[in-house]
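Some notes on the structure that comes next.
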Amino acid sequence: MKTISVFFPDTIVAALRPATWLTCAALLTGCAALGNHPPLQPDDARHAREAAQSALAAEKDLHGSQTPTTAPPEHQDRLPDVKLTDELFYKILTAEIAYQRGSWQAAYVTLLSVAQQTRDPRLAKRSAEIALSVRQPAEALAAIRLWRELAPDSNEATQYYLGFMAMNNNLAEIQAVFTEKLHAATPQQYGVIMLQAQRLLARARDKNAAFDVLEEILSPYKNLPDAHLALAQGAYTKGDHKRAVDEAQMVLNSRPDSQLAVLTIAQASTQTDAAKALAHFVKKNPGARDVRLAYGSILIDLKQLDKATHEFEKLLSDKPDDTTALYTLGVLAMERHQPEVAEKYFKDFLKVGEARPGQERDTTPTLINLSRIAVERKDYKAAQEWLAKIDSYDGRNPSWFKVQLRRANLIAKEGKMDEARRFLKSIQTSNPREEIEVIQTEAQLLKDAGMTGEAVNVLQAALKQHADDPDLLYDYAMLAESMNNISEMETSLRRVIAIAPENQHAYNALGYAFADRNIRLAEALVLIEKANELAPNDPFILDSLGWVKFRLSQFAEAEAALQRAYALRADTEIADHLGEVLWAQGKHSEAKKIWRDAQTKDPENDALKKTLTRLNIRL
């Protein structure tokens with residue numbers, strides 16, 4: 001007997017006779033309404049699939065947590081003894097071709113009809129997959145019901161069916177199915193079934209009602225650690241963190257090596273308490289990789305970088321090709337100002353990827369970081385070469401375009417301005433906004449190279465085509481400001497404000513230009529306060545606010561604004577302003593400390609140099 005396959009190449013099509021399609025209405029009568037529940041919506045197909053996949057992942061989670069629990073065996077579907085006739089072969093083939101050509105209805109109807117005719121669960125499953133792929137919940141549910149009818153022992157079919165029940169809040173059906181599953185299961189299978197029930201109920205719309213159902217399902221097993229583990233996860237899902245911690249602690253009392261239990265406690269606790277719980281666990285269970293990974297991640301969030309490094313080094317020593325550990329250690333080394341160490345970890349990350357050619361892995365962040373390290377040592381050629389390794393544009397790498405702009409910048413830093421401009425013109429753009437970003441980048445490169453006149457020409461030419469583009473106008477205004485052409489700057493910024501009245505940068509730039517020149521201070525204050533109203537936590541706007549207050553001799557307010565700005569971002573020019581405000585108030589030691597710190601980070605900063613020279617200060 002031939003076996004049925006649902007995928008066929010197009011090359012067979014020419015030999016087949018035309019199809020006679022059944023009407024969709026005749027087959028969809030099997031999709032009964034779910035009582036008095038609301039009708040299914042298109043998004044329910046996606047959510048139901050996610051619910052099923054989440055429940056099916058329960059076994060992996062339990063095994064990963066080293067819980068001694070086994071999953072219910074997935075029975076092989078009972079297949080019908082049906083001969084694959086030419087007519088049957090033809091129907092299946094043409095259905096697949098129809099689907100590939102965008103006619104999902106024809107494909108779905110034909111395959112569901114053949115599934116009903118042959119009683120083959122594989123065809124019912126394929127019908128469900130087609131309906132799910134185009135987010136047609138009613139059709140998907142009809143096929144899943146048939147699939148479950150034809151393969152009653154299929155855990156996958158049951159989970160997909162229950163996923164729809166969860167999305168439609170049909171909690172009674174979920175309770176009935178899982179009560180029966182647990183009744184028929186062996187004790188070794190309880191853990192996976194209980195966690196599957198919790199995962200599915202977590203997708204229900206009414207979280208409290210879903211948790212009540214979970215408790216009812218598990219009530220006969222309330223003395224088992226598996227039940228408390230599922231209840232802990234359920235309580236966390238509905239936001240009852242205390243109950244989650246209590247239930248998970250009960251699990252640990254009897255299963256002190258349960259990773260899932262301690263991870264649940266960590267989820268439901270503050271970061272500090274979570275770190276303590278995880279640290280205690282890995283001390284007693286040094287081989288618990290999932291917990292150690294979570295602990296290391298929390299340490300990073302808590303800014304305890306040395307401790308985090310230790311944990312990830314331990315992960316790497318146990319598994320030298322762990323790419324997560326390699327990448328994280330590279331990032332930690334950069335944060336700890338150890339570029340050589342970071343570079344080694346990132347290169348090792350790439351080597352592991354090269355040794356596994358069949359596995360897809362996004363190397364973009366690693367290559368960008370290697371480029372940054374090269375820039376720090378002013379090796380712009382190497383930095384550009386790292387970026388050149390990033391995959392070509394194919395619509396799947398959202399970083400690609402920004403990377404190309406960065407490559408042009410690095411080529412320019414090598415002193416190859418003509419080559420950088422040619423490179424910019426070669427970049428493939430996908431929309432007008434990217435075209436404008438290319439123009440902005442070219443103008444900025446020219447300005448940085450001291451070719452201000454050429455930069456003006458580039459922006460003026462662009463503004464002839466995009467006269468009302470606020471970004472081009474803003475850049476043109478900043479270029480005019482750098483040339484001390486205040487009138488041209490003001491005209492352009494006023495135009496930006498008229499076009500985009502919520503653009504805080506335009507208000508800030510105009511106000512700061514006045515304040516820095518110590519002119520029109522009342523107007524400058526109004527402009528900067530408007531910018532601050534639009535973006536109250538922008539450190540550069542707070543810097544402008546502090547500077548205009550200083551110009552107005554409002555020293556206490558100036559210092560408060562600048563201290564806040566510096567706390568948000570320890571930028572050199574903010575430090576320059578803060579130091580001057582402190583100096584003017586006689587706080588000389590504080591001012592020198594701020595300036596010293598800034599000079600250490602950015603010794604070539606022109607603004608800081610000019611301030612120290614003007615005030616005749618030696619640090």
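Since the model is a prediction, treat every value here as computed from it, not as a measurement.
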State, yes or no, whether a side-chain contact exists between [X] and [Y] at a heavy-atom distance under 4.5 Å.
X	Y	result
K238	R243	no
W400	I427	yes
S544	F514	no
W386	V403	no
S399	I390	no
Y295	F281	no
W595	L615	yes
T491	R494	no

Flag the pair [X] and [Y] as a salt bridge only when some basic side-chain nitrogen lies within less than 4.0 angstrom of an acidic carboxylate oxygen.
X	Y	value
E442	K425	yes
D240	K207	no
D597	K601	no
K381	E385	yes
D318	K314	yes
K347	E343	yes
D468	R495	yes

Under 3.5 Å, is there a donor-acceptor pair linking the side chains of [X] and [Y]?
X	Y	result
Q599	R596	no
R406	S371	no
T611	D576	yes
R292	N285	no
N485	E481	no
Q384	E414	no

| said: Pair E604, K609 - check salt bridge (charged side-chain N to carboxylate O under 4.0 Å, His left out), show working. | reply: CA-CA 8 Å; E604 301 303 318; K609 284 181 177 179; 3.1 Å; yes
| query | Under the salt bridge (charged side-chain N to carboxylate O under 4.0 Å, His left out) criterion, do E580 and R614 qualify, and how do the steps go? | reply | CA-CA 11 Å; E580 184 157 358; R614 175 167 47 83; 2.9 Å; yes
| query | Counting heavy atoms not belonging to H280, are there more than 12 under 6.0 Å from its NE2? | reply | no
| field | Trace of the side chain to side chain contact (heavy atoms under 4.5 Å, CB included) decision for R551 with L525 | value | CA-CA 10 Å; R551 293 298 200 194; L525 180 61; over 6 Å; no
Give a yes or no on whether the backbone of [Y] and the side-chain of [X] come within a donor-acceptor separation of less than 3.5 Å.
X	Y	answer
Q585	V581	yes
K307	L299	no
S482	L479	yes
S258	A261	yes
K303	I300	no
T328	A325	no

| F540: ring pair (Phe, Tyr, Trp, His ring centres under 6.0 Å) partners, not counting sequence neighbours | none
| task | In sequence, state the C-alpha distance, the side-chain angles, and the governing distance for M483 and V456, and then conclude on side chain to side chain contact (heavy atoms under 4.5 Å, CB included). | result | CA-CA 10 Å; M483 299 168 69; V456 169; 3.8 Å; yes
| query | Please walk me through it: do E523 and R520 pass salt bridge (charged side-chain N to carboxylate O under 4.0 Å, His left out)? | reply | CA-CA 6 Å; E523 187 177 359; R520 298 163 67 176; 3.1 Å; yes
| request: Quick one: do E454 and R421 satisfy salt bridge (charged side-chain N to carboxylate O under 4.0 Å, His left out)? Show the steps, please. | output: CA-CA 12 Å; E454 190 64 23; R421 295 180 75 178; 3.4 Å; yes
Ignoring hydrogens, what is the shortest heavy-atom contact between [X] and [Y]? Give both atom names and the distance.
X	Y	answer
A598	A575	CB-CB, 3.7 Å
L316	Y345	CD2-CE2, 3.8 Å
K592	R618	NZ-O, 3.9 Å
F423	Q404	CE2-O, 3.2 Å
Y236	A244	N-CB, 3.7 Å
I594	G579	CG2-N, 4.3 Å

| So F346 and M334, side chain to side chain contact (heavy atoms under 4.5 Å, CB included) or not? Walk me through it. | CA-CA 11 Å; F346 290 136; M334 288 183 72; 3.5 Å; yes
| message | If you apply the rule side chain to side chain contact (heavy atoms under 4.5 Å, CB included), what do you find for N369 with V331, and how did you get there? | response | CA-CA 8 Å; N369 283 326; V331 173; 4.2 Å; yes
Pairwise distance [atom1]([X]) to [atom2]([Y]) - rounded to 0.5 angstrom:
X	Y	atom1	atom2	result
K530	L510	NZ	CG	14.0 Å
N537	L542	CG	CG	7.0 Å
Y512	D543	OH	CG	6.0 Å
I436	Q465	CD1	CD	9.5 Å
R336	L305	CZ	CG	7.0 Å
L582	H577	CG	NE2	13.0 Å

| message | Using the rule given for side-chain hydrogen bond (donor to acceptor under 3.5 Å, both in side chains), can you reason through N431 versus E435, listing the C-alpha separation, both sets of side-chain angles and the distance that settles it, and then say yes or no? | response | CA-CA 7 Å; N431 55 61; E435 292 175 12; over 6 Å; no
